[in-house]
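Position 1 is the first residue of the sequence, and the numbers go up from there.
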Amino acid sequence: MVVFDTVEDDYGEGLWMAHASRGPEATSWARNGIRLLNVAVTRVQARLYVLGSRSRILAAGEDTALGTLATLIRAQRARSVPATQLIAPGGHIDPGLGQFGARLADVLSRHVQVSDIDDEISFYETFAARLAEATTSLWIWSPWTANRLTGLLPVLGEAVRRGVRVTVFVRDPYDTGQKKQADLVKRLRAVVPTVVPVNVMHQKIVVIDARTVLLGSLNSLSQSRSREVMLTIKGGHFARKILTHEHAEDFARPPSCGACHGDEVDLRRRGNGAWYWRCYNRACPGRRGDKAWQTAVRFSPSGLR
């Protein structure tokens with residue numbers, strides 16, 4: 001298999017391959033371009049991939065190397081694939097790419113782009129822009145809530161109204177810092193369908209549409225004065241890896257308490273790594289002193305639907 005990069009874009013008069021020719025007026029430089037291409041093509045045993053500007057190839061003269069390639073494309077003897085299909089935005093790979101193209105798309109989809117690096121001052125402008133772009137899902141891990149949440153509730157509510165699935169993970173209500181913000185958590189629950197309390201949770205993550213990740217040290221729902229940093233990382237493969245690592249789907253379905261049948265259930269983890277749900281309702285009939293109703297988390301086979 002040979003990958004031949006022509007290094008030709010749409011601009012200017014073209015580089016070496018754009019002028020590679022054996023025409024009557026071809027210079028030795030142009031003829032050497034043909035020889036270079038010939039070396040690449042004659043080594044092929046399975047497949048030849050040519051990288052370059054499609055518009056330049058199709059506009060090339062008949063007596064040039066690129067012109068010959070254009071003839072093959074028009075005759076459907078060579079296939080033209082836009083680079084955007086191979087990059088596989090969001091990680092969805094076109095099944096029509098075939099075995100080799102699909103494999104290449106899978107490899108490229110694993111690359112990520114760090115599009116923004118924000119501090120505590122610039123972050124919320126970036127955050128608001130990303131939230132406004134959400135179309136399918138929004139996952140937020142923010143340990144604590146504070147007055148910052150008040151300004152975000154309308155944005156979160158608008159996302160819910162346009163059909164975005166919004167899930168928020170916060171610290172459990174008996175956390176020292178969270179106790180003071182019980183009213184804010186109630187307001188959050190009134191806007192967001194799924195708010196999951198997690199014991200000693202400390203992740204600061206936002207995942208949007210399973211393709212954009214905001215990751216760093218900043219609590220998106222409570223940031224006030226501390227110095228922080230957040231990266232905006234674009235890449236569907238990376239975003240799905242984060243969701244799988246955090247067991248997002250499994251943790252987004254807390255059960256009702258088996259004793260009081262209420263929804264005051266938080267997520268906890270034992271020292272051996274086992275996850276379980278625990279009822280924190282002090283009036284629950286299943287409570288015996290410090291012992292509360294609990295049940296193990298049921299994980300789906302993949303951990304991400």
Side-chain angles (χ1 to χ4, degrees), residues 134 136-207 219-222 243-305:
T136 58
S137 62
L138 172 60
W139 302 83
I140 299 176
W141 285 261
S142 181
W144 296 281
T145 55
N147 291 334
R148 173 72 69 176
L149 175 61
T150 304
L152 292 172
L153 286 175
V155 182
L156 295 174
E158 175 57 32
V160 172
R161 284 189 291 274
R162 66 173 182 268
V164 178
R165 177 192 179 189
V166 181
T167 306
V168 179
F169 298 92
V170 297
R171 282 228 180 178
D172 66 274
Y174 288 102
D175 174 82
T176 303
Q178 200 72 302
K179 282 181 181 179
K180 302 175 183 179
Q181 307 297 341
D183 289 340
L184 275 176
V185 176
K186 287 181 180 178
R187 293 178 61 184
L188 177 62
R189 288 183 179 276
V191 172
V192 175
T194 305
V195 177
V196 182
V198 185
N199 181 247
V200 299
M201 189 267 285
H202 204 250
Q203 294 95 316
K204 292 96 172 180
I205 311 169
V206 179
V207 181
N219 284 280
S220 58
L221 303 183
S222 67
L243 292 174
T244 300
H245 178 270
E246 295 301 319
H247 304 290
E249 286 290 352
D250 293 318
F251 290 169
R253 300 190 297 271
S256 297
C257 172
C260 67
H261 308 293
D263 60 359
E264 295 179 85
V265 175
D266 63 15
L267 177 65
R268 293 174 175 254
R269 195 179 195 184
R270 304 187 194 280
N272 64 3
W275 290 95
Y276 65 101
W277 301 103
R278 182 177 184 272
C279 179
Y280 58 82
N281 179 4
R282 296 294 190 185
C284 175
R287 180 175 289 274
R288 299 291 184 271
D290 292 336
K291 302 295 183 180
W293 175 90
Q294 57 185 253
T295 187
V297 173
R298 295 182 179 180
F299 290 101
S300 57
S302 65
L304 176 66
R305 290 189 304 177

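- The pair Glu249-Arg165 counts as a salt bridge, with a side-chain nitrogen and a carboxylate oxygen less than 4.0 angstrom apart.
- Each of Val185, Leu267, Asp266, Asp175 was compared with Pro197 under the side-chain contact (heavy atoms from CB on, under 4.5 Å) criterion, and only Asp266 meets it.
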(message) Before you tell me yes or no, could you show the steps for Tyr174 and Lys179 under side chain to side chain contact (heavy atoms under 4.5 Å, CB included), namely the whole-Å CA-CA distance, both residues' side-chain angles and the distance that decides it to 0.1 Å?
(response) CA-CA 6 Å; Tyr174 288 102; Lys179 282 181 181 179; 4.2 Å; yes
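- Looking at heavy atoms from C-beta onward, His202 lies in side-chain contact with Lys204 at the 4.5 angstrom threshold.
- Here the closest heavy-atom approach between residue Cys257 and residue Cys260 is recorded as SG-N, 3.3 Å.
- Separation of atoms CH2 (Trp277) and CD (Gln294) is listed at 13.5 Å; rounding is to 0.5 Å.
- Applying the 6.0 Å contact sphere to CZ of Arg278 captures more than 12 heavy atoms from other residues, nucleotides or ligands.
- Inspection of the Trp275 and Asp250 side chains reveals no N or O donor paired with an N or O acceptor under 3.5 Å.
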(request) Evaluate the side-chain hydrogen bond (donor to acceptor under 3.5 Å, both in side chains) criterion for residues Asp172 and Asn199: first the C-alpha distance (whole Å), next the side-chain angles of each, then the deciding distance (0.1 Å), finally the verdict. (result) CA-CA 5 Å; Asp172 66 274; Asn199 181 247; 3.1 Å; yes
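- Note that the CG atom of Asn219 and the OG atom of Ser142 stand 4.5 Å from one another [nearest 0.5 Å].
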Taking only distance into account, with no hydrogens and no angle test, what donor-acceptor pairs under 3.5 Å do side-chain atoms of residues 284-293 form with protein atoms, sequence neighbours excluded?
unit_1: Arg287; atom_1: NH2; unit_2: Cys279; atom_2: O; d: 3.4
unit_1: Arg288; atom_1: NH1; unit_2: Pro285; atom_2: O; d: 2.5

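- Within the 4.5 Å cutoff, the side chain of Phe169 has heavy atoms near those of the Met201 side chain.
- Rounding to the nearest 0.5 Å gives a distance of 11.5 Å between OH of Tyr280 and CZ of Arg282.
- Between Ile140 and the options Ile205, Leu188, Val168, a side-chain contact (heavy atoms from CB on, under 4.5 Å) holds for only Val168.
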Only pairs under 3.5 Å count here: list side-chain donor-acceptor contacts from residues 145-161, not counting sequence neighbours, and write none if there are none.
unit_1: Thr145; atom_1: OG1; unit_2: Gln178; atom_2: OE1; d: 3.2
unit_1: Arg148; atom_1: NE; unit_2: Gln223; atom_2: O; d: 3.2
unit_1: Thr150; atom_1: OG1; unit_2: Asn147; atom_2: O; d: 3.3

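- Residues Arg270 and Tyr276 meet the side-chain proximity criterion, which asks for heavy atoms closer than 4.5 Å.
- Between the Arg162 side chain and the Ala134 main chain, a donor and an acceptor come within less than 3.5 Å of each other.
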(message) Does Trp139 form a side chain to side chain contact (heavy atoms under 4.5 Å, CB included) with Val206? I'd like the steps, not just the answer.
(response) CA-CA 6 Å; Trp139 302 83; Val206 179; over 6 Å; no
